[in-house]
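Below is one structure, written out as C-alpha cells; the observations come after it.
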Amino acid sequence: MTASLVLPRLIRTGSGAFGEVADLLRRCRVVRPMIVTDSTMAQLGYVDRLIAHLDEAGLAYGVFDATEPEPTETSVIAAQAILTAGLDGAPYDGLVALGGGSAIDTAKALAVLGPHGGRMRDYKVPRIVDEPGLPVIAIPTTAGTGSEATRVTVITDPENDEKMLCMGLAFMPVAAILDPDLTLSLPKRVTADTGIDALTHAIEAYVSRKASPFSDQQALAAMRLIAPNLRRAFHDGEDRAAREALLIGACFGGIAFSNASVALVHGMSRPIGAFFHVPHGLSNAMLLPAITRWSIPAAPERYADCARAMGLVGEAVSDDHANEALLADLQALNDELDVPTPAGFGISPERWQQLRPLMAEQALASGSPGNNPRIPTADEIIALYDEVWR
Ligand code: NAD
C-alpha cells in the first residue's frame, strides 16, 4: 500500500511566535490578507494584537470577526461577501485565520469558495478538492482540532443540519503559527473538549486502516504529549508547559489524522454535533470509551500501543492488560473532565431515539467508519448510539 503525506509549508512554534506573523505572510507572498476570526478573539485583544503586527509591517488587511462556533454555511457566506468585495477595489490575496477550529475551518472554506464559487455541499466528500485555493495562514487558539495542519474543513449545511466533511489539498493551510500563549485564556470546558478531540484524532489515526509509518509516529507522539498534560491544563489553565505540550500534541494529532483519516468516533460524532449542537470535542468524548470498547477486538495490538504511548502501562505489559487500562482511563478522563452523558447535556431521549437511523446514515456517508478497524453496519451504529445513550 502507498501512503501520501501532506503538510503545511511552514510551521512556526513557541511562545512569542504570534509576533512573527508579518514575516510569515511575507514568506508566503501574502500582502493583502483578510483576517477571519470570532468575537471572543476580538474581546480578548488578540485581533488588536494581530492588526498591530500587520500595521507595523505596513500591510493592508480586512477583518471578518463573526465566525460562529461549529460554522454553518450561512456564516461562511457572510464572510464571502467581504472577501468578494475586496479591499479598496483590490482582491485579497490570502486569509489569516485566528481562533479555534471554527475560525480556521471558515477560512479554509472561503479559500475555495472565493476563487471557485458554488455552495459548500459541492465540495463535500467523496469529492476531493485539489484545486488551488487562496493561501491560509492558520493561528490556532485552541489545542484540539489540528485544523492548522489538516487538509480538511467541516461546515454544516443549514438546510439539513449535515456536518459536511470536505477534504483535499485546497484545504491545507500554507503556514501555521503555534503560540501556546494564545491558549492560556481557554476556559476549562473548552480545554477539556478540545483536548479530548486531539486525543481522539491521535487514537483514531493510529488504529485507522489507512495508517502509515509516518502517521503512526505523529499519532504516538501526539498521545505522549496529550495524555499526561490534558488533566494538568484542565486543573491549572496557567500551566504553560502543559499548554505548550497540548498545542504541539494537537498539531501532531491533526497531521496524523489528515494523513491517515479518522474513524468511527468521528463518523458518529459529527451528526450529534449537527443535530444537538454539542461542541465537536465533547461529542467525541461522549463516544470515545464505548466505541473504543467495541473496536478493540479488531485491532487489540494497535489499541494496546495507544495505552503504552499514553503512559498508562509499561512496555512489557500484555495487550489485554493494556487495553483494560486504556478503557478504564478513557472513562476516568471523562469523569475527571466533567464530560456529560447525552442526557446530562440536555438532549431529549425521544429525539435521540428518532434521529438514530439518520445519524447512522450520515455517519456512514462521511466515509469515516470505513477506516475503523472494525467496520460497522448501519444497524450496529444504531446499537452503538443506544449504548452511548445508556
Ligand atoms: P471553536 O473554534 O468552536 O472554539 C470554541 C469556543 O472557544 C469558541 O467560543 C471560541 O471563541 C473560544 N475560544 C477559542 N480559543 C480561545 C482562547 N484562546 N481563549 C478563550 N476562548 C477561546 O472550537 P474548536 O474545537 O477548536 O473547533 C471546533 C470546530 O472544528 C468544529 O466545527 C469541528 O467540526 C471542527 N474540526 C475541524 C477539523 C479539521 O481538521 N478541519 C478537525 C476537528 C474538528
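Atoms within a ligand are numbered from 1 in the order they appear, just like the ligands themselves. Source: prediction; values computed, not measured.
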Query - Protein heavy atom at shortest distance from atom 24 (P) of ligand 1 - result: Gly101 N, 3.6 Å
Query raised in the report: Under 3.5 Å, is there a donor-acceptor pair linking the side chains of His266 and Asn284?
Result: yes
Query raised in the report: Nearest heavy atom to atom 25 (O) of ligand 1: which of Asp197, Asp193, Thr37, Thr194 does it belong to?
Result: Thr194
Report summary line: Logged contact type for Phe171 with ligand 1, heavy-atom cut-off 4.0 Å, is neither
Report summary line: For atom 35 (C) of ligand 1, the closest protein heavy atom turns out to be Asp105 OD2, 3.4 Å
Requested in this report: Have a look at ligand 1 and work out which part of Pro187, if any, has a heavy atom under 4.0 Å from it: side chain, backbone, both or neither.
Outcome: side chain
Report summary line: Checking heavy atoms under 4.0 Å, the part of Met41 that sits near ligand 1 is side chain
Report task. With the side chain counted from C-beta on, respond yes when Glu244 and Ser15 share a heavy-atom pair under 4.5 Å apart, and no when they do not. Result -> no
Query raised in the report: Under 30°, 30 to 60°, or over 60°: which ring-plane class applies to Tyr385 and Trp352, parallel, tilted or perpendicular?
Result: perpendicular
**Report entry** Proximity to ligand 1 by part of Asp38, non-hydrogen separation under 4.0 Å
**Finding:** side chain
Query raised in the report: Mind checking whether Leu182 has an N or O less than 3.5 Å away from an N or O of ligand 1?
Result: yes
**Report entry** Sub-4.0 Å atoms of ligand 1 with respect to non-hydrogen atoms of Leu44
**Finding:** 19 (N), 20 (C)
Query raised in the report: Less than 3.5 Å between some nitrogen or oxygen of Lys163 and one of ligand 1, yes or no?
Result: yes
**Report entry** Shortest protein heavy-atom distance from atom 30 (O) of ligand 1, along with the residue and atom involved
**Finding:** Thr145 CG2, 3.4 Å
Query raised in the report: What atoms in ligand 1 come closer than 4.0 Å to a heavy atom of Thr150?
Result: 39 (C), 40 (O), 41 (N)
Query - Salt-bridge contact Asp236-Arg243 (side-chain N to carboxylate O under 4.0 Å) - result: no
Requested in this report: Run the numbers for me: atoms of ligand 1, each under 4.0 Å from some heavy atom of Thr40, listed by number.
Outcome: 11 (O), 21 (N)
Query raised in the report: Any Lys/Arg nitrogen of Asp23 or Arg12 sitting under 4.0 Å from an Asp/Glu carboxylate oxygen of the other?
Result: yes
Query - Ile104 contact mode with ligand 1 (heavy-atom cut-off under 4.0 Å) - result: neither
Report task. Could you please spell out the steps behind the side chain to side chain donor-acceptor pair (under 3.5 Å) verdict for Ser269 and Ser283? Result -> CA-CA 5 Å; Ser269 173; Ser283 51; 2.7 Å; yes
Query raised in the report: Considering only the protein, which heavy-atom contact is closest to atom 19 (N) of ligand 1, and what is its distance?
Result: Ser185 OG, 2.8 Å
Report task. Work out whether the distance between some heavy atom of His201 and some atom of ligand 1 is less than 4.0 Å. Result -> yes
Query - Sub-4.5 Å side-chain heavy-atom contact between Val278 and Glu70 - result: no
Query raised in the report: Of the protein's non-hydrogen atoms, which lies at the shortest distance from atom 32 (O) of ligand 1, and what is that distance?
Result: Glu70 CA, 3.3 Å
Query raised in the report: Does the protein place any heavy atom closer than 4.0 Å to atom 12 (C) of ligand 1?
Result: no
Query raised in the report: If you measure every N/O of Phe257 against every N/O of ligand 1, is any gap under 3.5 Å?
Result: no
Query raised in the report: Does some side-chain heavy atom of Leu50 sit less than 4.5 Å from a side-chain heavy atom of Val63?
Result: no
Query raised in the report: Could Asp88 and Arg32 be called an ion pair, given the rule that one side-chain N must be under 4.0 Å from one carboxylate O?
Result: no
**Report entry** Nearest-contact summary for atom 4 (O) of ligand 1 - protein heavy atom, Å
**Finding:** Thr142 CG2, 4.3 Å
Query raised in the report: Is it true that Ile248 and Leu24 fall in one hydrophobic cluster, defined by side-chain heavy atoms closer than 4.5 Å?
Result: no
Report summary line: protein heavy-atom neighbour closest to atom 5 (C) of ligand 1 works out as Val190 CG1, 4.1 Å
Query raised in the report: Does Gly273 reach ligand 1, in the sense of a heavy atom lying below 4.0 Å from it?
Result: no
Query raised in the report: Just which atoms of ligand 1 are under 4.0 Å from any heavy atom in Pro71?
Result: 32 (O)
Query - Short side-chain donor-acceptor distance under 3.5 Å, Tyr61 and Asp55 - result: yes
Determine all donor-acceptor pairs shorter than 3.5 Å in which one atom belongs to a side chain in residues 110-119; sequence neighbours excluded.
residue: His116; atom: NE2; partner: Pro132; partner atom: O; Å: 2.9
residue: Arg119; atom: NE; partner: Glu73; partner atom: OE1; Å: 3.2
residue: Arg119; atom: NE; partner: Glu73; partner atom: OE2; Å: 2.9
residue: Arg119; atom: NH2; partner: Glu73; partner atom: OE1; Å: 2.6
residue: Arg119; atom: NH2; partner: Glu159; partner atom: OE2; Å: 3.3

Would you give me the side-chain donor-acceptor pairs under 3.5 Å for residues 75-86, sequence neighbours excluded?
residue: Ser75; atom: OG; partner: Thr72; partner atom: O; Å: 3.1
residue: Thr84; atom: OG1; partner: Gln80; partner atom: O; Å: 2.7

**Report entry** Taking atom 1 (P) of ligand 1 as the reference point, the nearest protein heavy atom with its distance
**Finding:** Ser102 OG, 3.4 Å
**Report entry** Atoms of ligand 1, numbered as shown, that sit under 4.0 Å from any heavy atom of Gly100
**Finding:** 2 (O), 26 (O)
Query raised in the report: Should the heavy atoms of other residues, nucleotides or ligands under 6.0 Å from CD of Glu56 be counted, would the total exceed 12?
Result: no
Report task. Keeping the roles fixed (side chain from Arg270, backbone from Ala363), state whether a donor-acceptor pair exists under 3.5 Å. Result -> no
